[in-house]
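Working notes, beginning with the structure itself.
The chain is numbered in sequence order, starting from 1. Each ligand, and each atom within it, is numbered from 1 in the order the structure gives.
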Amino acid sequence: MKVLVTGGAGYIGSVTTEMLCDAGHEVTVFDNLERGYRAAIDSRAKFIQGDLRINTDILTAMADVKPDAVIHFAAYIEVGESMNIPIPFFENNVSGALHLLEAMVANDVKKLIFSSTCATYGTPERIPMDETLSQHPESVYGESKLMCENLFKWAKKIHGLNPVFLRYFNAAGATEKYGEAHKPETHLIPLILQVPMGQREKIFIFGDDYDTPDGTCIRDYIHIRDLAQAHILALEPEIEGAFNLGNGDGYSVKEVVEVAREVTGHPIPAMLEPRRAGDCARLVSDSAKAKDVLGWKPEYADLHSIVESAWSWHQAHPNGYED
Ligand code: UFG
């Protein structure tokens with residue numbers, strides 16, 4: 001298929017582009033490189049530099065490429081940042097989605113795979129979390145993603161769009177070529193690995209008074225390859241609706257630090273800090289629907305293999321993509 005990938009220079013977009021190319025798809029990446037990296041774009045993909053906030057950028061790209069499907073990653077993603085700068089967040093994530101939609105409708109492109117998040121649920125009513133939970137986001141980030149889902153649902157009713165919402169839990173790990181390099185980095189696993197890399201002295205644990213067995217927050221870490229694979233499966237024309245993507249296993253912050261100590265052989269000192277605003281105690285996926293309907297089979301579910309792959313990538317790319 002001819003696939004247009006917005007945000008293909010970012011973390012999840014780069015790996016999905018790599019795996020789409022491996023699977024023989026013809027990929028064009030559309031990215032403004034504000035937070036992504038040129039070096040993260042697979043050399044087999046075409047690249048168009050453009051900004052979704054400028055509607056002519058995406059209108060022109062869509063008309064040039066005329067894709068069979070769009071995979072839409074391009075967005076701001078940091079929960080904490082979203083609470084400090086809500087207006088640029090809504091502008092980038094929601095007006096970007098509107099311009100994308102306008103360009104898809106103008107060019108009669110129906111298939112859309114949207115990078116959504118478990119943050120659209122807010123604090124869940126039950127664990128593990130399936131797609132029938134009500135969505136009541138507790139951050140501007142989660143709200144912006146839910147607003148996009150709603151835009152796309154209306155476009156389904158009115159314009160016959162075929163949207164798929166992939167609601168991710170915590171993406172982690174790397175392929176040999178592409179890994180996690182946010183600027184600035186705020187995610188747990190890459191920050192932990194900066195300690196054995198000699199780039200920071202210790203890791204801070206944000207709160208140990210949550211209602212969990214060791215008091216630290218529990219998350220469901222999913223290997224980036226498995227996440228990318230779900231996008232490829234979702235390209236099938238009959239697939240539509242929402243899918244939660246996680247392993248169904250929760251690991252506490254302390255457990256993740258311990259696994260990283262085992263993988264790296266480094267003591268990784270940890271220091272307790274107060275809670276970080278906006279963190280839920282426990283987010284764990286029920287991904288039975290993705291397994292049944294998409295035929296999705298996570299292959300790297302074990303946290304050791306996830307951290308090992310991240311560790312290999314960071315050792316090979318000590319400065320991320322900024323070499
Ligand atoms: N944490 C620490 N110390 C750190 C960094 C993180 O203790 O230095 C803790 C956080 O408080 C949280 C856990 O580690 O409890 C995971 O934090 P991340 O920042 O790695 O990930 P989040 O769960 O906050 O958010 C990520 C993505 C979101 C996505 C969400 C889905 O950033 O885009 O996963 O769960 F919505």
Side-chain angles (χ1 to χ4, degrees), residues 7 10-13 35 73-83 89 92-93 114-124 127-129 133 135 137-146 148-149 165-173 180-195 199-212 214-224 227 244-260 268-287 303 306-307 310:
Y11 172 42
I12 306 176
R35 307 236 167 148
F73 295 104
Y76 290 155
I77 60 156
E78 300 294 347
V79 176
E81 184 189 36
S82 79
M83 302 303 280
F89 238 82
N92 191 33
N93 292 7
F114 175 54
S115 168
S116 190
T117 168
C118 67
T120 60
Y121 295 113
T123 301
I127 296 281
M129 299 160 66
L133 284 172
Q135 290 171 289
E138 288 162 23
S139 65
V140 167
Y141 166 67
E143 184 69 52
S144 72
K145 289 284 182 175
L146 182 57
C148 295
E149 286 196 9
F165 305 140
L166 299 183
R167 297 185 186 141
Y168 315 150
F169 285 66
N170 288 55
E180 192 167 7
H182 296 111
K183 36 183 180 186
E185 190 53 77
T186 63
H187 291 95
L188 181 63
I189 292 175
L191 283 177
I192 292 174
L193 295 178
Q194 285 177 3
V195 181
Q199 295 167 345
R200 66 168 48 231
E201 274 178 25
K202 53 183 170 284
I203 184 75
F204 296 110
I205 295 180
F206 298 143
D208 72 347
D209 56 351
Y210 287 94
D211 183 17
T212 60
D214 68 17
T216 66
C217 289
I218 291 180
R219 294 288 180 273
D220 183 339
Y221 295 89
I222 171 170
H223 197 290
I224 190 76
L227 200 54
N244 287 354
L245 298 175
N247 283 310
D249 296 319
Y251 290 92
S252 72
V253 175
K254 282 188 178 166
E255 286 172 327
V256 177
V257 174
E258 200 45 52
V259 167
I268 312 184
M271 193 177 137
L272 189 62
E273 282 280 294
R275 288 182 176 203
R276 188 176 71 174
D279 277 339
C280 298
R282 200 188 284 252
L283 295 170
V284 179
S285 176
D286 175 345
S287 299
L303 187 62
I306 294 176
V307 175

- Just let me know how Y141 lines up against ligand 1, side chain, backbone, both or neither, with a heavy-atom cut-off below 4.0 Å.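 Just the side chain.
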- Query: Counting heavy atoms only, which part of Y210 comes closer than 4.0 Å to ligand 1: side chain, backbone, both or neither?
  - Reply: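 Neither; nothing of Y210 gets under 4.0 Å from ligand 1.
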Tell me which protein heavy atom sits closest to [atom], plus the residue, atom name and distance to 0.1 Å.
atom	value
atom 27 (C) of ligand 1	H187 NE2, 3.6 Å
atom 11 (O) of ligand 1	D279 OD2, 2.5 Å
atom 36 (F) of ligand 1	T117 OG1, 2.7 Å
atom 25 (O) of ligand 1	N170 ND2, 4.0 Å
atom 9 (C) of ligand 1	V253 CG2, 3.7 Å

Using a strict cut-off of 4.0 Å, indicate which atoms of ligand 1 neighbour a heavy atom of [X].
X	answer
I205	7 (O)
A119	36 (F)
L283	35 (O)
T186	5 (C), 19 (O)
C217	15 (O)
C118	31 (C), 35 (O)
F204	2 (C), 3 (N), 4 (C), 7 (O), 8 (O)

Can you find an N or O of [X] that's nearer than 3.5 Å to an N or O of ligand 1?
X	value
Y168	no
F206	yes
I77	yes
I203	no
R219	yes
L188	yes
R276	yes

Plane angle bin for [Y] and [X] - parallel if under 30°, tilted between 30 and 60°, otherwise perpendicular:
X	Y	value
F165	F114	perpendicular
H182	Y11	perpendicular
Y76	F89	tilted

- Query: Taking all atoms of both residues into account, what is the closest heavy-atom pair of A172 and I189, and its distance?
  - Reply: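 It is CB-CD1, 3.7 Å.
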- Task: Apply side-chain hydrogen bond (donor to acceptor under 3.5 Å, both in side chains) to R167 and Y121, showing your working.
- Result: CA-CA 10 Å; R167 297 185 186 141; Y121 295 113; 2.7 Å; yes
- Task: Would you confirm whether S285, through its side chain, and G248, through its main-chain N or O, come within 3.5 Å as a donor-acceptor pair?
- Result: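 No, the answer is negative, given that no donor and acceptor are paired below the 3.5 Å cut-off.
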- Per the side-chain hydrogen bond (donor to acceptor under 3.5 Å, both in side chains) rule, which among Q135, E149, E138, K145 passes with T120?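 Of the listed residues Q135, E149, E138, K145, the side-chain hydrogen bond (donor to acceptor under 3.5 Å, both in side chains) partner of T120 is Q135.
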- When you check the gap from the basic side-chain N to the acidic O, do R219 and D279 get nearer than 4.0 Å?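 Yes.
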- Task: Flag the pair D209 and R275 as a salt bridge only when some basic side-chain nitrogen lies within less than 4.0 angstrom of an acidic carboxylate oxygen.
- Result: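 Yes, this pair counts.
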- Query: Below 4.5 Å, heavy atoms only, C-beta onward: do F169 and N244 meet side chain to side chain?
  - Reply: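 Sidechains of N244 and F169: in contact.
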- Message: Could you check whether any heavy atom of Y221 sits closer than 4.0 Å to an atom of ligand 1, since that is the contact criterion I want to use?
- Response: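 It does; at least one heavy atom falls under 4.0 Å.
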